[in-house]
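All chains are named by letter (A, B, ...) in the order of the sequence lines, taking the proteins before the strands, and each is independently numbered beginning at 1. Owing to the predicted nature of the structure, the values given are computational and were not obtained by experimental measurement.
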Amino acid sequence: MTVTLPPAALPPAAWRRDAAAPFAARLRRLLAGGGAGQAALRLAPAAPRRRRALRLLLEEAAREGRGEVLEAPGGALLLLGEAGAAARARALLDEVGLDAAGALWRLPEEAPALLAWAEAAPPPDLAAAPLAGLDAALQRLPLPRLLRRRAVLRLGPGRPPRVALRRLVLSRAALAAALGSPGEDPDLLDHAADTLARRLAAAPSLPAGPGTLLPLPRGGTVPPAPAEGTLGALPLEALAAPDMPARLAAAGWTPAIEGLDAVALRLLSPAALPEGAPLLLLRWSPALADRGPVQALRALDPGRLVLLGCGGAEAIAWGLARGIGLFAGPAVEALLPPGEAEGAA
Amino acid sequence: MSALGPATPEAVGLPRAEDAAALAALVRETVAAGLEREALHLRLGPLAPWLRRAHHHRLLREALAPLERPHRARVFALPNGDLVALAPPGNAHLRAAAETLGALLPEAPPALLRLPRQAAALLAALEAALAPAPAPEPPAGGAGAGAADLAALERTLGTASLAAFLRCRPVLHLPPEGGVSEPRWTEWRLALPELWAALLPGLDPAASPGLARRLRGVLDRRLLAELARPEEARRLGAAGLSLGLAAIASPEFRRLDAALGREGRAALRLGLPAAEALADPEGFLAAAALCRGRGYRLVLEAEGPAVAALLAPERLGVEAVRLPFSPALAAAGLPPSLPPGRVVLAGVDRAGGIGWGWEAGITLFEGRLLRG
């Protein structure tokens with residue numbers, strides 16, 4: 001089963017056959033051939049890139065448990081095999097630090113419930129990706145529909161919360177939905193986000209200056225900053241290009257590195273992050289409080305960190321305890337007095 | 001010989017001369033062993049049109065003839081038409097040839113270099129002789145590849161053979177103390193810049209990283225499909241293969257994986273691009289877990305020293321880091337977090353690459369000048 005192939009990328013004949021075969025019918029055939037002591041682990045649909053990572057781990061687990069990985073038309077992943085394979089998958093997910101909601105069916109006892117779920121899955125979308133028209137579509141997409149206005153607040157003991165930065169964010173979910181099937185391909189979604197970041201930087205009447213944080217493309221042409229010193233959220237990936245810091249500076253941007261989270265901190269040596277970036281955007285998740293990420297963060301000045309995605313008091317308390325002063329997320333915007341809240345449009 | 005043809009050494013009537021790779025190997029051995037040699041470098045490349053005149057062919061041949069007898073000197077022909085003669089010091093024939101040639105070619109007097117002291121200058125000449133023609137400049141404004149270009153391309157790529165764009169180079173273990181050089185594995189790589197130039201002429205892949213990565217995924221899968229044929233998979237042996245994350249997740253990879261068997265997998269090194277580790281840390285860790293679990297060895301392909309410093313090998317679970325030699329790397333030095341024993345220095349066809357690598361403690365090298 002080969003559903004991770006991007007839709008327009010010349011799938012081999014076997015793929016076309018697989019995709020056309022109704023998922024439930026295929027599952028029924030596989031279940032008919034299974035013996036006792038089997039299990040099915042289902043992982044909920046995830047964004048394309050996350051789904052690819054989950055799929056790789058399930059395949060590794062399947063190798064040990066004589067299993068098979070299937071992808072349901074709606075994007076859910078299913079690992080079918082000996083019960084040990086599901087346990088191995090859980091262990092691998094923990095090892096990599098991936099947090100995935102799942103459901104487990106014991107087989108063959110619970111096969112009817114599994115089939116009922118499969119039959120309720122939405123039918124496959126076999127429309128070819130209109131790749132050829134993508135760039136034109138990206139020029140037509142209305143920016144306001146894809147932009148979210150967010151605030152970054154400075155929080156600290158004994159002082160009222162105040163807005164430190166105004167942030168414009170491109171919603172990847174909204175972008176993927178607006179694009180249709182090309183939005184299912186992580187690389188095309190990156191391309192779309194880059195194109196829109198360039199369009200945004202050239203948009204009239206844009207907030208600008210050192211108090212504003214705008215998205216930047218991950219490579220290619222760097223658009224001129226709307227005002228000298230405007231903060232640009234630079235995807236971590238852009239650091240692979242050795243000349244990126246110089247090009248950003250030449251275009252008038254002050255970079256804020258985006259893409260740090262608990263998983264990225266397992267890979268990165270934070271001390272090697274470019275010193276020219278005064279701000280580092282760190283996405284909150286409970287895994288950030290684990291020993292590994294906490295240790296990695298010791299190499300960084302907490303004054304450079306902005307804790308994103310704070311959904312509750314736990315995140316804010318963790319950040320304050322680490323000396324972080326800048327926060328964003330729903331739980332943070334809720335702290336603003338009603339007049340100051342800039343609407344989570 | 002065509003009067004319009006290039007003035008290759010064969011064209012000027014020289015007997016069989018050896019190629020640049022052999023000269024590079026000899027210079028390296030000479031330096032490693034501390035042997036003294038004299039080298040005569042004749043810059044014929046820029047003079048090629050002038051040399052097409054028959055009268056000069058004869059004079060040149062006469063000047064070099066004494067060197068061509070056995071045991072006097074070895075004459076090497078470089079790809080740009082330059083000639084290099086190498087002999088033990090004090091070789092009267094070499095001196096005599098240098099004088100004659102100086103009188104014959106006053107526009108480009110031959111350079112007499114002493115090894116090991118001037119090895120760097122000789123390697124620099126080798127580099128210049130190997131330098132590819134400058135790539136065509138992308139049109140002004142750095143036009144990026146558009147999605148429409150890519151769509152057209154993916155339709156035509158389905159059956160195209162990539163053989164013409166597949167480069168295979170040995171990775172050698174070169175001990176600095178002058179021991180025997182030892183081939184460790186063969187790198188198989190698609191010449192992506194050349195592929196881009198051939199497939200999308202005038203468009204700059206760096207302008208659209210997302211599209212470039214998608215195209216790379218398509219190309220990787222084509223390559224994997226070719227390698228997964230049983231006779232190809234059996235032949236692969238100790239090899240290195242550079243793949244994007246999309247390729248690792250592809251059905252073509254699973255076919256190759258099955259065709260290789262346990263031994264084939266253990267002999268294969270998979271190179272994963274550092275940019276993908278930064279773009280998708282979860283996917284990278286997942287792919288690394290899968291590949292290690294199946295017995296492959298992993299190599300991180302870093303674009304430069306800055307990204308190599310960001311991604312220390314022990315955090316990623318990779319065995320080695322492939323780093324291209326560049327003036328920036330020579331200036332910055334290896335990141336302290338990167339043990340030199342785990343570095344493969346690529347692109348060492350540049351002057352001084354191997355020398356710099358040795359100073360930095362590196363012993364694994366890959367480049368156009370190296371032959372196993």
Side-chain angles (χ1 to χ4, degrees), chain A residues 1-2 4-6 8-10 12 14-15 49-50 52-57 59-60 63-64 92 95-98 131-136 138 182 185-194 217-221 235-242 259 261 263-264 266-269 272-274, chain B residues 141-142 144 146-148 150-152 154-155 157-158 204 206-214 217-218 221 225 245-246 248-252 254 273-287 289-290 293-294 302-307 309-312 315-316 326 328 335 337:
Chain A
M1 174 88 169
T2 61
T4 45
L5 252 184
L10 307 158
W15 181 78
R49 197 156 264 160
R50 160 72 63 95
R52 185 171 73 191
L54 294 173
R55 191 187 169 95
L56 284 164
L57 289 177
E59 276 173 11
E60 172 57 10
R63 189 178 63 90
E64 293 196 358
L92 277 168
E95 190 184 312
V96 170
L98 273 174
L131 185 52
L134 179 61
D135 283 329
L138 289 174
D185 179 315
D187 298 331
L188 292 183
L189 200 53
D190 282 351
H191 173 65
D194 289 352
R218 74 209 59 237
T221 316
L236 198 51
E237 175 193 355
L239 299 179
D261 59 17
V263 177
R266 297 165 81 106
L267 290 182
L268 289 177
S269 307
L273 287 166
Chain B
L150 194 57
E154 289 184 0
R155 279 194 298 276
L157 261 177
D204 177 11
S208 326
L211 293 183
R213 184 149 56 214
R214 178 172 159 117
V218 175
R221 289 199 301 273
L245 292 190
I248 304 282
S250 73
E252 287 84 355
R254 290 196 283 284
E276 297 228 42
L278 296 176
D280 182 8
E282 293 178 351
F284 190 95
L285 284 174
L290 177 128
R294 299 198 176 189
E303 288 79 357
V307 68
L310 261 179
L311 295 165
R315 286 171 169 264
L316 279 77
S326 67
S337 58

Measuring from atom [atom1] of [X] to atom [atom2] of [Y], what distance do you get when rounded to the nearest 0.5 angstrom?
X	Y	atom1	atom2	result
B:Ser208	A:Asp187	OG	CG	12.0 Å
B:Leu211	A:His191	CG	NE2	4.0 Å
B:Leu290	A:Arg55	CG	CZ	11.0 Å

Is any side-chain heavy atom of [Y] closer than 4.5 Å to one of [X]?
X	Y	answer
A:Glu60	B:Arg294	yes
A:Arg266	B:Pro281	no
B:Pro209	A:Asp190	no
B:Arg214	A:Leu188	yes

Next on the checklist: With chain B as the partner, which of A:Leu98, A:Asp261, A:Leu92, A:Asp194 has the greatest number of non-hydrogen pairs under 4.5 Å?
Outcome noted: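 Max contact count across the listed options: A:Leu98.
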[X] to [Y] - nearest heavy-atom pair and separation:
X	Y	result
B:Gly283	A:Leu56	O-CD1, 4.0 Å
B:Leu278	A:Glu237	CB-CA, 3.6 Å
B:Ala289	A:Leu57	CB-CD2, 4.1 Å

Return the option, out of [options], with the maximum number of heavy-atom pairs under 4.5 Å with chain A.
options	result
B:Gly304, B:Ala275, B:Ala302	B:Ala275
B:Arg213, B:Glu303, B:Glu276	B:Arg213
B:Ala309, B:Gly293, B:Ala312	B:Gly293

Checklist entry - What part of A:Leu267 gets closer than 4.5 Å to chain B, counting heavy atoms only: side chain, backbone, both or neither? => result both
Item to check | A:Arg52/B:Glu282 ion pair, N-O < 4.0 Å | outcome: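 No, no charged N to carboxylate O under 4.0 Å.
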Checklist entry - Quick one: which of B:Val307, B:Leu311, B:Leu310 gives a side-chain contact (heavy atoms from CB on, under 4.5 Å) with A:Leu239? => result B:Leu310
